[in-house]
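This report concerns only the one structure given below.
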Amino acid sequence: MRRDEIVVEIQRRLNQIKVANGHPFDIQYVFRNPEEEPSPDLMPLTHIFEFPSVTEDRSNRTGATQPPIYKKFFRVALEHWFNSSSVGETNRDIMKYLKASRQVLFSDGQVLGGLASLVVEEEESRIYRPLRTVVGIGEVLVITYVEDFNNL
């Protein structure tokens with residue numbers, strides 16, 4: 001289904017954050033809907049949390065025998081975590097991480113390679129500092145897409 005393709009694409013793009021691709025660090029892991037707390041040993045990492053889809057509009061093609069087309073949206077929360085070399089570097093490091101995330105997610109505009117109709121960053125969270133050099137920030141995306149049941 002389209003929604004799963006979109007989340008897989010987000011995960012794939014975030015995994016492109018590597019020094020070899022021109023970024024200032026290598027992302028280690030991108031976890032989808034994890035149940036564990038982030039481990040400093042695995043950082044930098046991103047947790048992807050998916051929220052339920054909401055149907056905005058439904059349409060049927062001519063004739064009741066055709067499957068419907070739904071316009072839907074859902075939210076994805078991204079939690080980016082970085083283990084900095086010093087306390088003084090935490091703000092700079094997490095802002096570099098957020099910049100890299102935006103670069104890969106919006107590299108071709110707001111459509112994730114045509115999988116989505118529109119991707120919008122709705123908000124970003126405050127900066128979290130659960131440990132001395134560990135820093136995190138959240139990013140919430142609203143993703144609108146079309147689910148055409150004819151193409152399932």
Side-chain angles (χ1 to χ4, degrees), residues 1-58 69-148 151-152:
M1 294 198 12
R2 181 56 53 116
R3 177 191 163 116
D4 189 60
E5 293 176 76
I6 290 168
V7 177
V8 167
E9 178 65 10
I10 290 169
Q11 193 170 17
R12 185 191 71 75
R13 287 179 182 225
L14 291 169
N15 275 312
Q16 292 178 352
I17 300 174
K18 305 281 183 206
V19 171
N21 294 332
H23 295 283
F25 59 89
D26 287 340
I27 191 169
Q28 299 301 311
Y29 298 97
V30 179
F31 296 108
R32 189 173 173 182
N33 299 310
E35 294 183 13
E36 297 81 29
E37 292 292 318
S39 169
D41 297 336
L42 304 177
M43 294 178 186
L45 65 84
T46 295
H47 286 167
I48 300 173
F49 296 99
E50 304 166 53
F51 293 86
S53 290
V54 176
T55 301
E56 279 188 333
D57 188 33
R58 313 163 211 253
I69 300 171
Y70 289 171
K71 181 178 179 186
K72 298 180 175 187
F73 73 90
F74 69 107
R75 285 177 173 76
V76 171
L78 306 174
E79 288 184 355
H80 306 298
W81 294 97
F82 203 90
N83 193 358
S84 298
S85 59
S86 71
V87 174
E89 296 294 311
T90 56
N91 272 1
R92 189 174 65 84
D93 287 340
I94 203 63
M95 287 301 122
K96 285 192 302 187
Y97 201 143
L98 190 58
K99 179 181 177 184
S101 169
R102 289 172 174 159
Q103 286 174 337
V104 297
L105 292 172
F106 297 103
S107 62
D108 60 348
Q110 293 177 278
V111 294
L112 287 172
L115 294 173
S117 303
L118 182 64
V119 178
V120 176
E121 184 183 273
E122 185 176 58
E123 65 181 286
E124 66 184 58
S125 73
R126 67 179 179 86
I127 295 175
Y128 300 103
R129 289 188 176 78
L131 301 172
R132 217 168 133 63
T133 58
V134 171
V135 62
I137 193 164
E139 181 180 17
V140 177
L141 305 176
V142 178
I143 301 164
T144 304
Y145 66 102
V146 173
E147 189 74 75
D148 185 345
N151 296 324
L152 294 179

task = Decide yes or no for F31 and L42: does some side-chain heavy atom of the first lie under 4.5 Å from some side-chain heavy atom of the second?
result = yes
Distance-minimising heavy-atom pair for L45 and S39 = CD2-O, 4.0 Å
inquiry  = Just so I know, are the side chains of W81 and P40 near enough to count as touching, which here means a heavy-atom distance under 4.5 Å?
reply    = no
request  = Specify the closest pair of heavy atoms between L115 and Y145, including all atoms of both residues, with the distance to one decimal.
outcome  = O-CB, 4.0 Å
task = Run the numbers on L141 and R75 for side-chain contact (heavy atoms from CB on, under 4.5 Å), then give the verdict.
result = CA-CA 6 Å; L141 305 176; R75 285 177 173 76; over 6 Å; no
query = Can you tell me how far CD of E121 sits from OG of S101, rounded to the nearest 0.5 angstrom?
reply = 7.5 Å
task = For R12 and V30, run side-chain contact (heavy atoms from CB on, under 4.5 Å): C-alpha distance rounded to whole Å, both residues' side-chain angles, the deciding distance at 0.1 Å, then the answer.
result = CA-CA 9 Å; R12 185 191 71 75; V30 179; over 6 Å; no
request  = List the atom of F25, the atom of P44, and the distance in Å for their closest heavy-atom pair.
outcome  = CD1-CG, 3.7 Å
key: K18 side, atom NZ; Q28 side, atom CD - distance, nearest 0.5 Å   = 6.0 Å
note = Between the CD atom in E50 and the CZ atom in F74, the distance rounded to the nearest 0.5 Å is 6.5 Å
task = Compare every heavy atom of P34 with every heavy atom of I48, then report the nearest pair and how far apart it is.
result = O-CD, 3.9 Å
request  = Could you walk me through whether V119 and L105 pass the side-chain contact (heavy atoms from CB on, under 4.5 Å) test, one step at a time?
outcome  = CA-CA 9 Å; V119 178; L105 292 172; over 6 Å; no
key: Side chains of E56 and T144, donor plus acceptor under 3.5 Å   = no
NZ (K71) with more than 12 external heavy atoms under 6.0 Å = no
query = Is it true that a side-chain atom of N21 and a backbone atom of Q16 form a donor plus acceptor pair closer than 3.5 Å?
reply = yes
key: Parallel, tilted or perpendicular: ring planes of Y97 versus F82, cut at 30 and 60 degrees   = perpendicular
task = Enter the distance from T46:OG1 to R32:CZ here, rounded to the nearest 0.5 Å.
result = 14.5 Å
Test item: V140 and E124 side chains (from C-beta on) under 4.5 Å apart, heavy atoms = no
key: Non-hydrogen atoms of D108 and G113 that approach each other most closely   = OD2-N, 2.7 Å
query = Hey, are E147 and R2 close enough for a salt bridge, meaning a charged N less than 4.0 Å from a carboxylate O?
reply = no
key: Approximate separation, where rounding is to 0.5 Å, of L112 CG and I6 CD1   = 7.0 Å
ask   = Hey, does R3 have a side-chain heavy atom less than 4.5 Å from the side chain of K72?
value = no
Atom of G138, atom of S125 and distance for their closest heavy-atom approach = N-OG, 2.6 Å
query = Does the side-chain contact (heavy atoms from CB on, under 4.5 Å) test come out yes or no for I127 and M95, once each step is laid out?
reply = CA-CA 10 Å; I127 295 175; M95 287 301 122; 3.8 Å; yes
note = One should read off an interatomic distance between I10 CD1 and E5 CD, to the nearest 0.5 angstrom, of 12.0 Å
